[in-house]
Amino acid sequence: MEDEVFEHVVSVFSTLVSWIAAGAIMFGGVVPYIPQYRDIRRTQNAEGFSAYVCLVLLVANILRILFRFGRHYEMPLLWQSIIMIATMLVMLDLCTNVRMATELNTKRRSFIDFDWTYFWSWSRFVDYVQCVLAFTLVAAYITYLLLDSALFVETLGFLAVFTEAMLGTPQLYCNYQNKSTEGMSIKMVLMWTSGDTFKTGYFLLTEAPVQFWTCGLLQVFVDVAILFQVYYYSRYPQKPVSHTVSHTTSAKAL
């Protein structure tokens, strides 16, 4: 009798933990962008945040959704991709509005100009939506044609998670160009690191495809490199502090 009760308690606890883990996987990825979103809205300055982070995550999650048609994986990972796509569109909308408000005299640029010089630097949010839809349709059509090829499916899965693993590289490069991490939410990067570490562990425990956890490890490495930039540029400043972002903002980002 006692053994049955114990087994029931363990079963309930195991189910509860799995639900919590699934919820963390689905919604945990968007949490790091909440402090960055609030910082941009408060300061009306998006200079410290690279919009290419949104591009990387949009491409990665669209490819991951298409990958599921060829190879099954956990449902929470599918919902994570859908929620992340919506979050990145919200971030792009904010960044575009803020940037255009400070560049009133700049010539308007659009996706249908097909000018690669200004790729992903368009003037309206709708241009980003058009680009995302065009990419999704082309990628979906190619996937439909080649879905029976095991090599294509595995390559698609690798591209999806490898692209996501490169998430931090636009921010890493942006910080390097600016020789500063000012304007970037350090809370966001800390949450990236903790979230990517948890996610990689989840991949290993649930025996997700090998592409997922290998690229998860690479993602953690990039996060640590950005944290090193925070330490290095704060200890060895490379340029004067910009007047467009106050000391108070930087302190709150910590």
Side-chain angles (χ1 to χ4, degrees), residues 22 25-30 33 50-93 95-96 109-170 173 195-196 199-200 202-219 222:
I25 283 292
M26 288 189 290
F27 298 100
V30 306
Y33 299 96
S50 174
Y52 285 98
V53 168
C54 299
L55 174 62
V56 169
L57 279 174
L58 285 168
V59 170
N61 285 282
I62 290 168
L63 292 180
R64 186 197 283 182
I65 290 173
L66 295 176
F67 176 55
R68 196 173 193 274
F69 287 98
R71 183 161 178 190
H72 179 80
Y73 55 77
E74 294 284 320
M75 183 61 75
L77 296 177
L78 175 63
W79 278 108
Q80 180 198 47
S81 293
I82 295 171
I83 293 168
M84 184 60 75
I85 289 171
T87 302
M88 289 303 100
L89 291 174
V90 170
M91 289 293 296
L92 277 174
D93 184 38
C95 291
T96 304
R109 302 178 290 269
S110 67
F111 170 65
I112 58 175
D113 291 337
F114 300 111
D115 186 347
W116 288 100
T117 306
Y118 299 106
F119 177 76
W120 213 249
S121 298
W122 301 306
S123 304
R124 300 177 306 162
F125 172 65
V126 68
D127 293 302
Y128 294 95
V129 175
Q130 290 172 353
C131 180
V132 170
L133 288 176
F135 173 79
T136 302
L137 289 174
V138 171
Y141 181 66
I142 294 173
T143 302
Y144 174 75
L145 293 178
L146 301 175
L147 195 58
D148 293 332
S149 169
L151 177 61
F152 172 79
V153 171
E154 293 301 323
T155 302
L156 181 65
F158 174 77
L159 288 175
V161 291
F162 181 75
T163 303
E164 185 176 356
M166 294 294 101
L167 162 66
T169 54
Y173 183 68
D196 292 338
K199 181 173 64 178
T200 303
Y202 180 85
F203 292 157
L204 289 168
L205 291 174
T206 58
E207 298 181 351
V210 66
Q211 300 102 317
F212 281 61
W213 61 263
T214 52
C215 290
L217 291 173
L218 178 59
Q219 205 166 350
V222 175

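Since we're looking at a predicted model, the values are computed, not measured.
Side-chain contact between Cys215 and Phe158 is present, with at least one heavy-atom pair separated by less than 4.5 Å. Residues Gln219 and Thr200 are not in side-chain contact: their nearest non-hydrogen atoms beyond the backbone lie 4.5 Å or more apart. Between Val153 and Phe69, every side-chain heavy-atom pair lies at or beyond the 4.5 Å cut-off. With contacts defined as side-chain heavy-atom distances shorter than 4.5 Å, the pair Tyr33/Met84 qualifies. For the pair Leu58/Leu92, a side-chain contact is recorded, criterion being any heavy-atom separation below 4.5 Å from C-beta on. Using a 4.5 Å heavy-atom cutoff, the side chains of Leu147 and Phe152 are not in contact.
Counting non-hydrogen atoms of neighbouring residues, nucleotides and ligands closer than 6.0 angstrom, the OH atom of Tyr118 reaches no more than 12 such neighbours. In this structure, Phe125 places its CZ atom where more than 12 heavy-atom neighbours from other residues, nucleotides or ligands lie under 6.0 Å away. Around the CG atom of Leu137, the shell of radius 6.0 Å holds more than 12 heavy atoms that belong to other residues, nucleotides or ligands.
Note on ring orientation: taking the six-membered ring where Trp is involved, the planes of Trp122 and Phe119 are perpendicular (angle over 60°, cut-offs 30° and 60°).
Contact detail for Ala160 and Ala60: the closest heavy-atom pair is O-CB, 3.4 Å. In plain terms, the two heavy atoms of Ser81 and Ile65 that are nearest each other are CB-CG1, 3.7 Å.
Remark: Leu63 CG to Thr163 OG1 distance equals 6.0 Å, nearest 0.5 Å. Taking OG1 of Thr143 as the reference point, atom CZ of Phe67 lies at 11.0 Å (rounded to 0.5 Å). How far CZ of Phe111 is from SG of Cys131: 4.5 Å, rounded to the nearest 0.5 Å. The structure places CG of Asn61 at 11.0 Å from OG1 of Thr136, a figure rounded to the nearest 0.5 Å. To the nearest 0.5 Å, atoms OG (Ser121) and CZ (Arg109) are separated by 6.0 Å. Atom-to-atom distance recorded for Met26:CE and Met75:CE is 10.0 Å, nearest 0.5 angstrom.
Side chain of Arg64 to backbone of Leu78: no donor-acceptor contact under 3.5 angstrom is found. Remark: side-chain polar atoms of Asp113 are paired, donor with acceptor, to backbone N or O of Ser110 under 3.5 angstrom. Under a 3.5 Å cut-off, the side chain of Ser149 and the backbone N or O of Leu146 do not form any donor-acceptor pair.
Val59 pairs in a side chain to side chain contact (heavy atoms under 4.5 Å, CB included) with only one of the listed residues (Leu57, Val56, Leu55), which is Leu55.
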- Residues Tyr128, Trp120; criterion ring-ring contact (aromatic ring centres under 6.0 Å, His included); working and verdict: CA-CA 7 Å; Tyr128 294 95; Trp120 213 249; 4.9 Å; yes
